[in-house]
There are 2 protein chains.
Amino acid sequence: MTRRVTIADIAAAAGVSKGAVSYALNGRPGVSETTRTKILAIAAEMGFVPNRAARSLSVSSAQAVGIALRRSARTLGIEPYFMELISGIEATLSAGSFGLTLQIVDTVEAELEVYRRWWAERRVDGVLMCDVGSDDRRLDFVADLGLPAVAVGGPVEGARLPAVWHDDAAPCREILEYLHALGHRRIARVAGFDHLLHTAIRDSAYADTAAALDLEAMETFHSDYTGEQGARITRRLLSSAKRPTAIIFDNDVMAVAGLGVAHELGIHVPHELSIVAWDDSPLCRLTHPALTSLTRDISAYGAQCAQALLSIIGAEPHEDRAFSVQCRPAQLSPRGSTAPARA
Amino acid sequence: MTRRVTIADIAAAAGVSKGAVSYALNGRPGVSETTRTKILAIAAEMGFVPNRAARSLSVSSAQAVGIALRRSARTLGIEPYFMELISGIEATLSAGSFGLTLQIVDTVEAELEVYRRWWAERRVDGVLMCDVGSDDRRLDFVADLGLPAVAVGGPVEGARLPAVWHDDAAPCREILEYLHALGHRRIARVAGFDHLLHTAIRDSAYADTAAALDLEAMETFHSDYTGEQGARITRRLLSSAKRPTAIIFDNDVMAVAGLGVAHELGIHVPHELSIVAWDDSPLCRLTHPALTSLTRDISAYGAQCAQALLSIIGAEPHEDRAFSVQCRPAQLSPRGSTAPARA
DNA sequence: AGGTCACGCTTAACCGGGTAAGTGACCCGA
DNA sequence: TCGGGTCACTTACCCGGTTAAGCGTGACCT
């Protein structure tokens, strides 16, 4: 294992100074084309890769972005959402030769502390914030810190921060009208954390749409996105006297759990109960019947978030430095879990 | 947003030199207790956090480890395994104030290139390698590179690298004997990638155990761990003339898909078909019936892997610098998806 | 009293790459 | 022929934290 090769080594080999090598490698003026080619050739031959720490120290940029996830290991593991998001983020970042630093935290305080440390240490150039809440402390915190950040979700009112989001209200209307057209009049919804912004948005979208349709019942129950909670709520719903003929779940995991409960109670899906899931992961196609769900390209979403962050960091050509980006809303993919309500 | 505070600022405020501040902050001898306390107080008051790049540059350590995942976004998303593993890894790392750098790659070549770059850039101090294959190019590659690494899985023969693994053979025997005791004589197995080391180990463990028992059939079909493949193979198995009475799946995702296929074909689980899954994620408890599965604590496993890596990096008290670590094998958790075979 | 040693601190160099300022050499126009 | 300008490169210092070496002071020993 030989010593790493530094620009000093290249300079020596090429018979020029460190400075010339630096200019040559960074494509800056200051060296002749002949010398540049020679230096590049030598650098390639010696397998030169610049030391990240040294570069960071002088240009003061980490060439990395951070993401702190505040969800339990179990939720993170089972929800395909996060890994797909990360994979999309990662693809964009590595295309721009940025690194991704990941940390899992317990509490908001811990999360804020991570941001503070990352920024003070200059370990990251910016962060992506998931699970945006309706009145999120983190937004002001990072803005005060001066830490470049993008909110993954929104829209964020009076934002001092750009957000990448999609319209959640339209798909809600779409689902409800679809179920209504199928003849469903008693509909329930198992929602996610009620403190999250998109939950609030969906809440009111459902309420508004329900009011406009002649529904007998449209109730919402908040949960924590876990299968256990999803199953528990579904079990209660399906055991009630006037049970709903359709249930909408705010994520795929709860929907699968709900389907399990229906099986357990001998309630046939879709003949006796229709099920709709948000977030069309492969999970929705695993079950029988396959779940009708709201499809969105989460990888692409992650990619857009990363793009937005790179843009405010300034690593990107900032022609389209749009402050907030709205993505294509989720599309309803009808599958086997929805059917006309029985008379 | 004021300028970052550096040790020079603290030195000025305390009326001492940069060197003294450094000694004080790092708990090294060279300053009196009085001065040390004073410096620490001033540093705390000014909110000092050392610049990571500067420290890395002088001590040449990145205080970060890397993990490159070579799986498609969809597999990563849906398999709870990875996120649980990462969460365990992360917990240990952040306890030692190490960062985790994540990258997703397509090919082995890309993965090797990532390792080379990370190490050359000194972006990481070591890496964790998942999905160890039976004749894995990566092992020699990183060893040649001199990049500290730990294999997540094993055991690796003639290893130049430590590995953290658990006995896969014993649980295989346990499953097969359990199913045999339940009266099953025609058993099938839907396995994972055949190039992976643990797949090979399980292959021979099943073969050996099957030979010792009076089984009518014990066939294995390799797949790619996706639900689609799992469903396809299960569909073929259950449509055959002499269909198995029990199927063992090498991961939870395929098991859930298999259960879906059984429902689809009107085959009752567990009365007509028993199902066993490896890797007991919450997914296995979501379905109805809940899946009998092999439980192991994946977070804890990840934590041990990270511990091993920190130990060879030298960041840990290396009392127990065991070269390879064997963990507690998976335990069978019987649930509703297994029952006595029908006569 | 003189020598020695430990302590507490400063100085200065170093890690490796970036970059402003400086220096010849050369060309060009007046 | 000389001033002015450009080109090609070197010099030197910067980033911020670490650390070997140096140095003055006081204590302790003989």
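Just so it is clear, the structure is predicted and the values come from calculations on it, not from any experiment. Lettering follows sequence order; numbering is per chain, from 1.
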Atom-to-atom span, CG of Leu57(B) to P of dC14(C) - whole angstrom: 14 Å
Nearest-nucleotide 5' precedence on DNA chain C, Tyr23(B) against Ala53(A): Tyr23(B)
Lys/Arg cation over aromatic Trp118(B): Arg116(B), 6.0 Å, 45° cone: no
Main-chain N/O of Ile104(B) paired with Glu90(A) side-chain donor or acceptor, under 3.5 Å: yes
Atom-to-atom span, CZ of Phe48(B) to C1' of dG17(D) - whole angstrom: 8 Å
Sugar-phosphate, base or nothing in reach of Ser56(A), heavy atoms under 4.0 Å: nothing
Ile7(B) CD1 to dC14(C) P, straight-line distance once rounded to whole Å: 17 Å
Sugar-phosphate only, base, or nothing, as touched by Ser17(A) at under 4.0 Å among non-hydrogen atoms: base
Donor-acceptor contact present, side-chain Ser56(B) to main-chain Ser61(B), <3.5 Å: yes
Distance below 4.0 Å between Ser32(B) side-chain N/O and dC7(C) OP1 or OP2: no
Validation row: Ile89(B), Val152(B) side chains within 4.5 angstrom (heavy atoms): no
Euclidean distance, atom CG of residue Leu25(A) to atom P of dG16(C) [Å, nearest integer]: 15 Å
Sugar-phosphate, base or nothing in reach of Val16(B), heavy atoms under 4.0 Å: sugar-phosphate
Spacing of Arg55(B) atom CZ relative to dG17(D) atom P, expressed in whole Å: 8 Å
Distance, rounded to the nearest Å, where Glu121(B) contributes CD and dC15(C) contributes P: 20 Å
Distance test, side-chain N/O of Ser22(A) to OP1/OP2 of dT19(C), below 4.0 Å: no
Residue-phosphate contact under 4.0 Å: Ser58(A) side-chain N/O, dG16(C) OP1/OP2: no
Under 4.0 angstrom between Arg28(A) side-chain N/O and dT19(C) OP1 or OP2: yes
Donor-acceptor pair present, Lys18(A) side chain and dG16(C) base, under 3.5 Å: no
Length of the CD-P vector between Glu33(A) and dC7(D), whole Å: 13 Å
Side-chain N,O (Asn26(A)) to OP1/OP2 (dG17(C)) below 4.0 Å: no
Closest contact, heavy atoms only, Cys130(A) versus Phe82(A): CB-CE2, 4.4 Å
Interatomic distance, Met46(A) CE vs dG17(C) P [rounded to whole Å]: 11 Å
